[in-house]
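Shown next, in structure tokens, is the structure this report addresses.
Because the structure is predicted, anything quoted here is derived from the model rather than measured. Every heavy atom of this structure was used, including side-chain atoms; hydrogens, water molecules and symmetry mates were not. Just so it is clear: chains get the letters A, B, ... in the order the sequence lines come, proteins before strands, and each one is counted from 1.
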There are 2 protein chains.
Amino acid sequence: MTGIRPRPATIYAVADAAGVSIATVSRVLQGVGRVAEATREKVLEAARGLDYLPGGSARALAAKKHEAVGLMLPELTGPYFAELLVGFESAAADLGLSVALLMTDEPGLSRPLRQLAARVDGLAVMARPGQLADEELSSLARRLPVLQVAAGLRPDSIGTENTASARELTEHLFGHGRRHLVFVGDPDLAPDAAERHAGFIEAHAAAGMAVSEPARVGYSEDDGRRFAHHLLDGDERPDGLVCVNDEVAVALLDELQRAGLAIPDDLAITGWDDVMTARYTRPGLTTVAQPVRDLGGLAATTLYRWLTTGQQEHDPTILPTRIVLRGSCGCPEAQLAAIRPRRMPVRESLKEEPE
Amino acid sequence: MTGIRPRPATIYAVADAAGVSIATVSRVLQGVGRVAEATREKVLEAARGLDYLPGGSARALAAKKHEAVGLMLPELTGPYFAELLVGFESAAADLGLSVALLMTDEPGLSRPLRQLAARVDGLAVMARPGQLADEELSSLARRLPVLQVAAGLRPDSIGTENTASARELTEHLFGHGRRHLVFVGDPDLAPDAAERHAGFIEAHAAAGMAVSEPARVGYSEDDGRRFAHHLLDGDERPDGLVCVNDEVAVALLDELQRAGLAIPDDLAITGWDDVMTARYTRPGLTTVAQPVRDLGGLAATTLYRWLTTGQQEHDPTILPTRIVLRGSCGCPEAQLAAIRPRRMPVRESLKEEPE
DNA sequence: ATTGGACGGGTAAGCGCTTACACACCCAAT
DNA sequence: ATTGGGTGTGTAAGCGCTTACCCGTCCAAT
């Protein structure tokens, strides 16, 4: 496997080896047109013997399509993006499309993005406001289908429901007697965050309550921990925290517990996304489950329909979410190890030597 | 943005608009060769006005390279693959390479894999044994550089250290007085698992202890929970569980705790990967941190060197790991909320009306 | 005044495929 | 025997780029 590699075989080499024309080779390999069974076998064998693989670029050039879609994400850390990607890729694969991927945090990502756009038939983009020059994106959109994911309400967009869920979640916290809630997250960082914050405000308005300023933090655990210390050191006195995502929430939960706070008694905490960690904290994290994987799949299929029909769907699709109640909001949780219902028999003394 | 889209502009259109030949357009856009400043500006403006983007397929065909690398993963659920991907993509992007992605669980994935291979210059593959017909893969390897990731020791492979770490971890458990350990994971499912199991065995051999059969479970939380119930129902009596990854470990931990077991007193548990959740369980999960992101980056850069030099590196690179001790193995952990060192002042009565 | 570079840009030959079209060929129907 | 309709295959024209090569200009040096 080491060392120099011979130039890959072309369709001409296969045609020669099989004693046919390149047109026939192409027909056999694509399975279109009529080819005599004997010929087909000859071609297949020749192709196999030469490790032939039709070059994607030549194929795409001649066929005027790439059979590939692109996905651009602002970053890929965190379970959210991973899930989205999984949904996107597996749906795309089912549709016979390859997936090209781009993620970046740099604002001036023009180059890689254009490189990506040049090799796909359509693009799904999840852009944070300001990250991508809108000019850049609309120039691309004039050239190929560009689908916006989780970008708020726009005709070329799909996403998940945010505002109503946030309102419901906030009202749930009211139901637990909480009166001084803080929204933890920056509404300006992403449309999703803005919509959740809007729901948070709606709930307050409907209850005739005043709303405090949102705590403008980012999306990472570090942001959560930092805010925890800010809370501990400052003189704000919230009794509930509605966090923009689970990572911030669990970090906050952890840091506050380490400082001696009782969750949810002293402070209720909710997250968003229902990531894996949310079911392993003590108490479990109350959060909002979004069908992120489905969202990714929807992006791929929507793009596919757009590509094949040449016509964009009219209405943006909004996927429903589900509130997941665990202990961190104040809901009762199944007690853990308080009673020991079935005790696995274990060896008595661990100090003994092995058998 | 809706509706029919005009055919994208070609290099000819730009040349016409700028009043030059296509060669000049190509030179300007690539930044090679000498072009008068005035001409360059004309071209750039024409290109901008037409939303021109050099078609990737034509470019790749003419230049005989895709400027793209592919990554194939057996699946993408779980933090491990997400991290790997992040490392791969960001390193590739820095090198000016696009990334094409493929993941699948199907054994017969020949089609999508070949489609992927046809549009990249090199391929990084993480294949589970048996999933991919070896014949298929070596045929591809004859055509383009194929780098194996975490595939055990082979010349065309890179990976992370497993055996020594597993041995050390196992011996650490011995140090906690544990004598009846079970390896939870199937050594046949992946080379990584096999190597970890080998280290587990080594430790036993060195201590002159007998080794029990491994519990052959998969990699998911469900596998962990299932095994927990199997343990609870059966009559095995281990005092320590060395799990193949963190997902299995945390699920096991959770399920066993719910059943009333005290971890680590009744049973020690360790994981592998140091995923986010590992630092949020109570007790925290002792595990092995691998530089998975670096591994992904290494895959991209190794592939890049291979592509540019045409020569494969000789020795497989093995990245070092680090054991992360938390409470689940029996190590002391900072007490949580036992004392409340700094108590955040909160409102006394939550039942009060808002201000 | 001649000449030789440097400079700028055009010409054209591919790159490796797909696919419309044309053309043999063979056999059934007349 | 002639005709006509499949069948199977080859011919050739692109697809939209890159790039080697060549050819004018212009100006400094002689």
Side-chain angles (χ1 to χ4, degrees), chain A residues 6-44 46-47 50-68 98 114-115 117-121 143-144, chain B residues 6-44 46-47 50-68 98 114-115 117-121 143-144:
Chain A
R7 312 183 72 235
T10 70
I11 197 174
Y12 293 97
V14 177
D16 278 358
V20 299
S21 74
I22 61 167
T24 299
V25 175
S26 180
R27 281 185 204 108
V28 170
L29 264 31
Q30 289 182 76
V32 303
R34 346 189 39 92
V35 180
E37 189 52 30
T39 312
R40 123 179 261 91
E41 306 237 303
K42 267 193 309 184
V43 170
L44 253 19
L50 292 166
D51 295 312
Y52 174 69
L53 212 53
S57 49
R59 172 188 261 274
L61 179 58
K64 298 183 210 274
K65 62 181 169 193
H66 298 273
E67 316 240 359
S98 288
R114 294 169 71 88
Q115 187 179 342
R119 58 178 76 240
V120 297
D121 300 314
R143 195 184 196 273
L144 43 57
Chain B
R7 313 183 72 236
T10 69
I11 197 173
Y12 293 97
V14 177
D16 279 356
V20 298
S21 75
I22 62 167
T24 299
V25 175
S26 179
R27 282 185 204 109
V28 169
L29 263 32
Q30 288 180 75
V32 304
R34 346 189 38 94
V35 180
E37 189 50 31
T39 312
R40 119 179 265 91
E41 306 236 302
K42 269 193 309 186
V43 170
L44 254 18
L50 292 166
D51 295 312
Y52 174 68
L53 213 52
S57 49
R59 172 188 261 273
L61 180 57
K64 297 185 210 279
K65 61 182 171 192
H66 298 273
E67 315 241 356
S98 289
R114 295 167 71 88
Q115 188 179 342
R119 57 178 75 239
V120 297
D121 300 315
R143 196 185 196 276
L144 44 58

Legend entry - Nearest atoms (heavy-atom pairs only) where B/Ala18 meets B/Val43: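 Nearest pair, atom of B/Ala18 first, then B/Val43: CB-CA, 3.9 Å.
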Legend entry - Heavy-atom closest contact (A/Pro54 atom, A/Arg59 atom, distance):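 Closest heavy-atom pair between A/Pro54 and A/Arg59: CB-NE, 4.2 Å.
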At 4.0 Å (heavy atoms only), tell me whether [X] reaches a base, stays on the sugar-phosphate, or touches nothing.
X: A/Arg59; result: sugar-phosphate
X: B/Val20; result: sugar-phosphate
X: B/Ser57; result: nothing
X: A/Ala23; result: base
X: B/Thr24; result: sugar-phosphate
X: A/Ser26; result: base

Legend entry - Identified side chain to side chain contact (heavy atoms under 4.5 Å, CB included) counterpart of B/Leu44 within the set B/Val25, B/Thr39, B/Val28: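 The passing option is B/Val28.
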Legend entry - B/Val32 vs B/Arg7, nearer the 5' end of DNA chain D by closest nucleotide: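 The answer here is B/Arg7.
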Legend entry - 5'-most by nearest nucleotide on DNA chain D - B/Lys65 or A/Ala62: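 This one resolves to A/Ala62.
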Using whole Å, what does the distance between atom [atom2] of nucleotide [N] and atom [atom1] of [X] come to?
X: B/Tyr12; N: C/dT11; atom1: OH; atom2: P; result: 12 Å
X: A/Arg27; N: C/dC21; atom1: CZ; atom2: P; result: 14 Å
X: A/Leu61; N: C/dT19; atom1: CG; atom2: P; result: 12 Å

Inset, instruction - Give a yes or no on whether the backbone of A/Lys65 and the side-chain of A/Asp121 come within a donor-acceptor separation of less than 3.5 Å. - result: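 Here the side-chain-to-backbone pair does not exist.
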Legend entry - Side chain A/Arg114, main chain B/Leu53, donor-acceptor under 3.5 Å: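 Side chain of A/Arg114 to backbone of B/Leu53: no pair is present.
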Inset, instruction - Extract, from 5' to 3' on DNA chain D, the first and final nucleotides lying under 4.0 angstrom from some heavy atom of chain B. - result: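 Going 5' to 3' along DNA chain D, contacts run D/dG16 to D/dA20.
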Legend entry - CG-OG1 distance between A/Leu50 and A/Thr10, expressed to the nearest 0.5 angstrom: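 Here the rounded value is 9.0 Å.
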Legend entry - Which residue lies more 5' along DNA chain C, comparing B/Arg40 with B/Lys64 via nearest heavy atoms: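 Upstream on the strand: B/Arg40.
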Inset, instruction - Answer with yes or no whether the side chains of B/Ser57 and A/Arg119 bring together a donor and an acceptor at under 3.5 Å. - result: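 On atom types as modelled, these side chains do not qualify, holding no pair under 3.5 Å.
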